[in-house]
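Here's the structure we're looking at; comments come further down.
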Amino acid sequence: LHRTKPRFRTTDLVRMMYDDSLTPAEVLRRWSGADADEDEDASQDEDDDDFFKKADNSGEGESLEDRAVPKYDYDALQEKWSNAENIEALRRRFASADLLKEKRARGGSDYE
Amino acid sequence: MADPRPRLVKFETQRSFALRLVLATLTGKTIRVSNIRPSSTNPGLANYEISFIRLLEAVTNGSAMEISYTGTTIAYKPGLITGCAPGRGASGGVIRHELPEGCPRGLSYFLIPLCLLAPFSKAPINVLFTGPGVITSATPMGDISVDSVRTAILPLYEQFGIFNNIELRILRRSCPGPGGKGGAGEVQLMFGHQVRVPKTIHMMNPGRVKRIRGVAYCVGVSASNNARMIDVARGILNPLVSDTYVFSDVSSAPLIPSATKADPNAKRKLGIGFGLSLVAESSTGAFYSADVASPPEGGVPPEDIGRQCAYQLLETISLGGCVSPAAAQTMLVLMAMGSEDVGRLRVGKKVFATEEIIDLGRDLSQLGASGWGVRDADAEGEDLIVSIVGSGFGNVGRKIA
């Protein structure tokens with residue numbers, strides 16, 4: 001049932017944004033559509049040993065530290081932006097792009 | 001606000017710690033932050049957070065804070081933002097703020113929140129950051145460099161009608177020292193334009209990137225590092241923007257005293273490294289910034305730094321909207337502090353849908369500001385329009401007391 005739900009819908013985000021029963025991380029997870037079954041698994045794990053609990057420091061604390069520059073995987077970025085298609089898609093965000101000329105050039109390359 | 005809100009606003013965890021203190025000061029509400037690193041091996045407030053509290057204390061009058069024994073809880077009752085009027089801790093109108101050597105955060109961690117307070121201050125803000133903890137470069141903890149603050153954050157205030165006598169002087173540069181801690185740089189912030197409320201803005205058009213500026217800095221290493229960073233970055237960016245210019249700043253490493261028994265006058269160098277800050281400006285005045293610096297442990301050639309920075313800039317531009325992630329909080333807070341009028345801002349979906357921004361929206365509504373309206377910018381659905389009704393608080397600190 002959850003699979004059919006559309007993901008990344010703005011109205012969903014707005015609805016959940018001020019819902020204080022969800023943490024911001026949960027809001028984003030639900031918004032992206034990766035939720036429900038994961039939560040159940042996690043709660044079951046916790047029940048197993050309720051006396052000895054290991055402090056969960058795996059990345060949880062780190063995500064609470066403020067970062068102005070997100071952590072990027074630079075190899076993936078390089079791959080993404082070495083791709084000519086991605087660069088061409090981004091080009092319309094630049095003033096240097098002559099849209100007419102670009103259209104013609106693209107039309108030409110299609111025939112090759 | 002008509003409805004009586006609880007007098008004490010409660011927050012949890014260390015996220016957006018500095019920003020929350022700033023918001024409390026701007027709205028004049030007492031806050032309590034609990035659960036600050038409760039299960040960490042080094043629990044409670046970190047030294048840079050304490051340092052920020054001291055800075056806040058220096059530019060305000062009558063603030064009171066109480067920190068619990070373990071440091072995991074702090075109650076903060078804001079005073080009024082007096083700025084740097086001579087006579088109160090400010091000698092000659094300048095407050096000296098010294099950062100201790102163990103500080104792992106870049107100076108932008110202190111500068112960006114301080115700049116948010118500055119327009120609402122009574123007297124101009126004039127703070128000299130000094131001491132062995134001032135890191136002017138980008139840091140591994142994700143702070144942007146002071147160059148990016150100067151060229152990508154401060155110009156944003158102009159949109160809000162705040163533009164006079166604002167200057168950020170970089171007197172001495174520094175990169176993170178050994179272990180990413182300490183730096184011994186020196187930076188002076190002058191913020192001389194105080195307003196009652198910032199202007200309401202409507203930024204709906206991101207425009208097109210027309211120019212890219214940047215600063216390549218190297219501290220205590222060969223100047224050829226700069227040339228190598230610039231060369232690679234330009235190679236990537238020039239095909240897209242011909243108007244690309246990267247300045248090169250070479251400085252020697254700062255010396256700090258390290259007296260030993262054998263040599264009481266001994267000094268050592270601290271904060272050697274290099275880095276690159278790139279800022280793209282669009283035709284409508286939107287700024288996108290990227291920052292990469294060499295890691296403190298070294299071992300990364302300048303070519304890689306230049307390449308990473310250029311790709312990071314492309315990624316930031318591709319996120320869309322009128323603001324880059326590093327500037328989003330500044331813009332949204334200034335909008336929320338504006339007059340009681342609807343301001344609109346176009347934000348990329350990926351910039352908006354982050355934990356920090358959702359937290360900021362919640363924090364603001366908890367502190368009595370109105371909720372945000374969010375809708376799709378167009379049918380493509382890549383960008384959002386965030387509409388914010390200003391709280392009309394403005395210079396609330398000046399009115400109370």
Side-chain angles (χ1 to χ4, degrees), chain A residues 6-20 22-32 53-58 60-84 86-97 99, chain B residues 13-19 37 39-41 106 108-109 112 138 141-144 206-211 236 239-243 282-283 290-292 304 307-308 310-312 314-315 317-318 320 325-326 349 352-359 361-362 365 371-376 381 384:
Chain A
R7 295 170 169 199
F8 299 113
R9 244 186 12 191
T10 309
T11 44
D12 293 338
L13 181 65
V14 178
R15 210 184 51 239
M16 288 187 288
M17 198 174 142
Y18 289 108
D19 182 352
D20 284 334
L22 299 169
T23 66
E26 282 170 347
V27 169
L28 293 180
R29 209 167 54 228
R30 290 199 181 191
W31 188 55
S32 63
K53 253 186 203 160
K54 205 179 160 217
D56 184 22
N57 286 335
S58 52
E60 178 76 19
E62 207 169 285
S63 74
L64 291 171
E65 304 293 345
D66 305 331
R67 286 187 77 88
V69 180
K71 266 187 188 160
Y72 286 116
D73 175 359
Y74 286 102
D75 292 336
L77 277 193
Q78 175 165 3
E79 207 165 293
K80 181 176 176 188
W81 295 116
S82 307
N83 187 338
N86 288 333
I87 289 279
E88 283 312 308
L90 189 66
R91 194 179 279 278
R92 63 186 177 83
R93 297 290 317 276
F94 287 89
S96 60
L99 294 177
Chain B
T13 76
Q14 70 271 27
R15 176 181 291 146
S16 322
F17 181 76
L19 189 65
R37 302 190 185 87
S39 54
S40 158
T41 47
S108 63
Y109 178 86
I112 295 173
M141 291 194 78
D143 298 300
I144 62 175
R208 287 155 182 270
V209 174
K210 61 174 180 179
R211 71 164 80 103
I236 295 163
L240 290 162
V241 190
S242 50
D243 186 4
S282 86
S283 48
D291 261 295
V292 182
D304 282 6
R307 193 175 300 121
Q308 291 178 358
Y311 287 135
Q312 190 189 324
L314 293 182
E315 182 71 16
I317 294 172
S318 76
K349 246 183 189 174
F352 186 82
T354 56
E355 295 181 33
E356 291 85 14
I357 300 296
I358 290 179
D359 247 353
R362 290 181 174 185
S365 75
W372 296 345
V374 183
R375 62 180 166 87
D376 280 318
L384 305 170

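Order of the sequence lines sets the chain letters (A, B, ...), proteins ahead of strands, with each chain counted from 1.
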**Prompt:** If you round to the nearest 0.5 Å, how far is NZ of A/Lys71 from CE of B/Met141?
**Reply:** 9.0 Å
**Asked** Nearest heavy-atom pair of B/Asp376 and A/Thr10: which atoms, and what distance?
**Response** OD1-OG1, 2.6 Å
**Spacing of B/Gln312 atom CD and A/Tyr72 atom OH [to the nearest 0.5 Å]** = 5.5 Å
**Request:** Locate the shortest heavy-atom distance separating B/Val241 from A/Phe94; write the atom from each residue and the value.
**Result:** CG2-CD2, 3.1 Å
**Request:** Check the pair A/Trp81 / B/Arg307 against side chain to side chain contact (heavy atoms under 4.5 Å, CB included), numbers first and verdict last.
**Result:** CA-CA 11 Å; A/Trp81 295 116; B/Arg307 193 175 300 121; over 6 Å; no
**Message:** The criterion is salt bridge (Lys or Arg N to Asp or Glu O under 4.0 Å); which residues satisfy it with B/Glu355, sequence neighbours excluded?
**Reply:** B/Arg15
**chain A contact via B/Ser318 - which portion, at a heavy-atom distance below 4.5 Å** = both
**Prompt:** Minimum heavy-atom separation for A/Ala68 to B/Ile144, with atom names?
**Reply:** CB-CG2, 3.9 Å
**Message:** With chain A as the partner, which of B/Lys210, B/Arg211, B/Lys349, B/Glu356 has the greatest number of non-hydrogen pairs under 4.5 Å?
**Reply:** B/Lys349
**Least distance between heavy atoms, B/Ala353 atom then A/Trp31 atom** = CB-CZ3, 3.3 Å
**B/Pro325 vs A/Arg67 side-chain heavy atoms within contact, under 4.5 Å** = no
**Request:** Kindly say whether B/Trp372 contributes a backbone atom to a donor-acceptor pair with the side chain of A/Tyr18 at under 3.5 angstrom?
**Result:** yes
**Message:** Using side-chain heavy atoms (C-beta onward) and a distance below 4.5 Å, is A/Val69 in contact with B/Val292?
**Reply:** no
**Request:** Any chance you could measure B/Phe352, atom CZ, to A/Met17, atom CE, to the nearest 0.5 Å?
**Result:** 4.0 Å
**Asked** Do B/Asp304 and A/Tyr74 come within less than 4.5 Å of each other through their side chains, counting heavy atoms only?
**Response** no
**Fill in**
CG (A/Leu90) and CG (B/Leu240) are apart, to the nearest 0.5 Å, by 6.5 Å
**Prompt:** side chain to side chain donor-acceptor pair (under 3.5 Å) with B/Thr354: which residues, sequence neighbours excluded?
**Reply:** none
**Complete:** Answer key: most heavy-atom pairs under 4.5 Å with chain A among B/Gly361, B/Gly207, B/Ser282, B/Ala290 is B/Gly361
**Request:** Over all heavy atoms of both residues, which pair between A/Ala95 and B/Arg208 is shortest? Give the atoms and the distance, please.
**Result:** N-CB, 3.5 Å
**Prompt:** When rounded to the nearest 0.5 angstrom, what distance separates CG in A/Leu64 from CZ in B/Phe17?
**Reply:** 13.5 Å
**Asked** Can you tell if the side chain of A/Leu77 reaches within under 4.5 Å of the side chain of B/Leu314, non-hydrogen atoms only?
**Response** no
**Message:** Give me the atom names and distance for the closest heavy-atom approach of B/Arg362 to A/Val27.
**Reply:** NH2-CG2, 3.5 Å
**Request:** Heavy-atom distances under 4.5 Å only: say whether A/Thr11 touches chain B with side chain, backbone, both or neither.
**Result:** neither
**Asked** With a 4.5 angstrom heavy-atom cut-off, which part of B/Ile317 approaches chain A: side chain, backbone, both or neither?
**Response** both
**Complete:** Counting heavy-atom pairs under 4.5 angstrom with chain A, the leader among B/Pro239, B/Ser283, B/Ser16, B/Ala326 is B/Ser16
**Request:** Mind checking the CD1-CG spacing from B/Ile358 to A/Asp19? Nearest 0.5 Å is all I need.
**Result:** 11.0 Å
